[in-house]
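Report on the structure given below.
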Number of protein chains: 2
Amino acid sequence: MANEVVLLGYWPSQYGMRARIAVEEKGIPYEYKEEDAWNYDRSPLLLEMNPVHKKTPVLIHNGKPICESLIVIEYIDEVWNHKSPLLPSDPYDRAQARFWADFVHRKVYGAAKRIWTTKGEEREGGKKEFIECMKLLEQQLGEKPYFGGDNLGFVDVAFVPFYSWFQVYEKFGKFNMEAECPNIIAWAKRCLKKESVAKTLPDQHKVYDLAIWIRKKLGVE
Amino acid sequence: MANEVVLLGYWPSQYGMRARIAVEEKGIPYEYKEEDAWNYDRSPLLLEMNPVHKKTPVLIHNGKPICESLIVIEYIDEVWNHKSPLLPSDPYDRAQARFWADFVHRKVYGAAKRIWTTKGEEREGGKKEFIECMKLLEQQLGEKPYFGGDNLGFVDVAFVPFYSWFQVYEKFGKFNMEAECPNIIAWAKRCLKKESVAKTLPDQHKVYDLAIWIRKKLGVE
């Protein structure tokens, strides 16, 4: 079977980065198509491939769409299972990896967004929750080089895209990530040595400039 | 290895029901322990087993906890893989099942909750979104007896617990489920013929009485 792979993404989206890191880790040849999510200028292809959520990322494998970033990573891991396993083979370890990826997906994303899209008490609440999340993730990482152990795994792929937004959280939340969670910073830098991650993550300054633009659009300032 | 299985649940929780249906479908001997989530009277065991979210359901397998309902179902399906497969074996079909279970988990739950815990425009918005979700799910079901095909699958287990809340949605949303989505009602009644579902789902009247009590507590009326 031919393996035609197209990935619909949006460059600053942590969710889209996940899918991109996964295809890069597996060494899958693919075509990347950029969708401009903030201008709501969705392509007919995106609307056809994800009619329910109308969101990126979408992985199109031989014409068939797979949506939702964590589901996309699991799919990639199951189909291209010849190298770089992302989920552990033991069912309990798999459940744990899914738990922490889900934690990042829901808790970290939500708290982080409040830091840069809200003001006053709400922003402070977001910041407090975000830092608590980072400390829990530091505990979870422990002495391992990656959440996946000796290699990049499911939780690493789910979480490392947030690194490109750290400057946004720091500047609008007025705190220092390195001081709050040095082990997360060390881990992220370790991940960035992987070509799959380095190729995918945008520059923090570029993301910061975008965040300023979005805040104006949202009327936060 | 001995298989000691304990399930921490809360009877009206759709999420807890999922875990219970899954263990029942697999025919796993287990001990059920009820947690009273609405009185916030969490047991030391729950706090120990799910320190991050402090929520049910938790499946405790030989002393080790698995949290988050959809992750629990996947775990059960992977460990007890000798009978009643819940997820399909084909990776694409698995991704589709995960997509629709996630859709129920996030979209259906959120919309449904707005119907009975809010008023006015917000309630109407919840009702509109809930009915749209039901119509999408009807399309997805198509002519199949179950979302899983000829047998109960992952999406069925994720979705059918909502049936015990249908009376709540109907009474507070002032609409008729049978008129809006007859195929969902027919499907739910089909699921209820399965012992695993019939044993697990509480009576709709009992759930309705609880909803009245919670609404008072929340100050909705």
Side-chain angles (χ1 to χ4, degrees), chain A residues 1 3 15 19 22 49-55 57-81 87-110 129 132-133 135-137 139-140 154, chain B residues 1 3 15 19 22 49-55 57-81 87-110 129 132-133 135-137 139-140 154:
Chain A
M1 185 172 73
N3 268 322
Y15 297 166
M49 291 294 163
N50 191 358
V52 174
H53 300 304
K54 304 176 181 69
K55 282 181 184 166
V58 182
L59 185 85
I60 310 172
H61 184 202
N62 295 326
K64 295 198 294 185
I66 299 99
C67 305
E68 293 296 303
S69 62
L70 296 180
I71 297 172
V72 168
I73 312 178
E74 288 222 41
Y75 177 79
I76 290 169
D77 201 36
E78 289 177 5
V79 173
W80 287 271
N81 55 10
L87 276 153
S89 55
D90 174 74
Y92 187 75
D93 295 339
R94 291 165 75 84
Q96 291 305 101
R98 287 184 181 125
F99 176 87
W100 287 105
D102 174 76
F103 175 83
V104 169
H105 194 72
R106 294 188 298 132
K107 296 278 276 187
V108 173
Y109 183 84
E129 195 183 326
E132 282 167 8
C133 286
K135 292 191 189 295
L136 275 175
L137 285 162
Q139 269 178 35
Q140 190 53 25
F154 192 53
Chain B
M1 186 172 75
N3 269 322
Y15 297 167
M49 291 293 163
N50 190 359
V52 174
H53 300 304
K54 304 175 183 70
K55 281 181 184 166
V58 182
L59 185 85
I60 310 171
H61 184 201
N62 295 327
K64 294 197 294 184
I66 300 101
C67 304
E68 293 298 302
S69 62
L70 296 180
I71 296 172
V72 168
I73 310 177
E74 289 222 40
Y75 177 79
I76 290 169
D77 201 36
E78 289 177 5
V79 174
W80 288 272
N81 55 9
L87 275 153
S89 55
D90 174 75
Y92 187 75
D93 295 340
R94 290 164 77 85
Q96 291 307 100
R98 288 183 180 126
F99 176 86
W100 288 104
D102 174 76
F103 175 83
V104 169
H105 194 72
R106 294 189 298 133
K107 297 278 277 187
V108 173
Y109 183 83
E129 195 182 325
E132 281 167 8
C133 286
K135 291 191 189 296
L136 275 174
L137 285 162
Q139 268 178 36
Q140 190 54 25
F154 192 54

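All chains are named by letter (A, B, ...) in the order of the sequence lines, taking the proteins before the strands, and each is independently numbered beginning at 1.
With chain A as partner, the option from B/Arg106, B/Glu132, B/Gln96 having the largest number of non-hydrogen pairs under 4.5 angstrom is B/Arg106. The greatest number of non-hydrogen atom pairs below 4.5 Å with chain B, out of A/Lys107, A/Glu74, A/Glu68, A/Lys64, is found for A/Lys64.
Minimum heavy-atom separation, A/Pro91 to B/Tyr75: O-CD1, 3.5 Å. Closest of all the heavy-atom pairs between B/Ala95 and A/Ile66 is CB-CG2, 3.9 Å. Looking at every heavy atom in both residues, B/Tyr92 comes nearest to A/Pro65 through OH-O, 2.8 Å.
For A/Val52, the part sitting under 4.5 Å from any heavy atom of chain B is the side chain, from C-beta outward, and nothing else. Proximity to chain B involves both the backbone and the side chain of A/Arg98, based on heavy atoms less than 4.5 angstrom apart.
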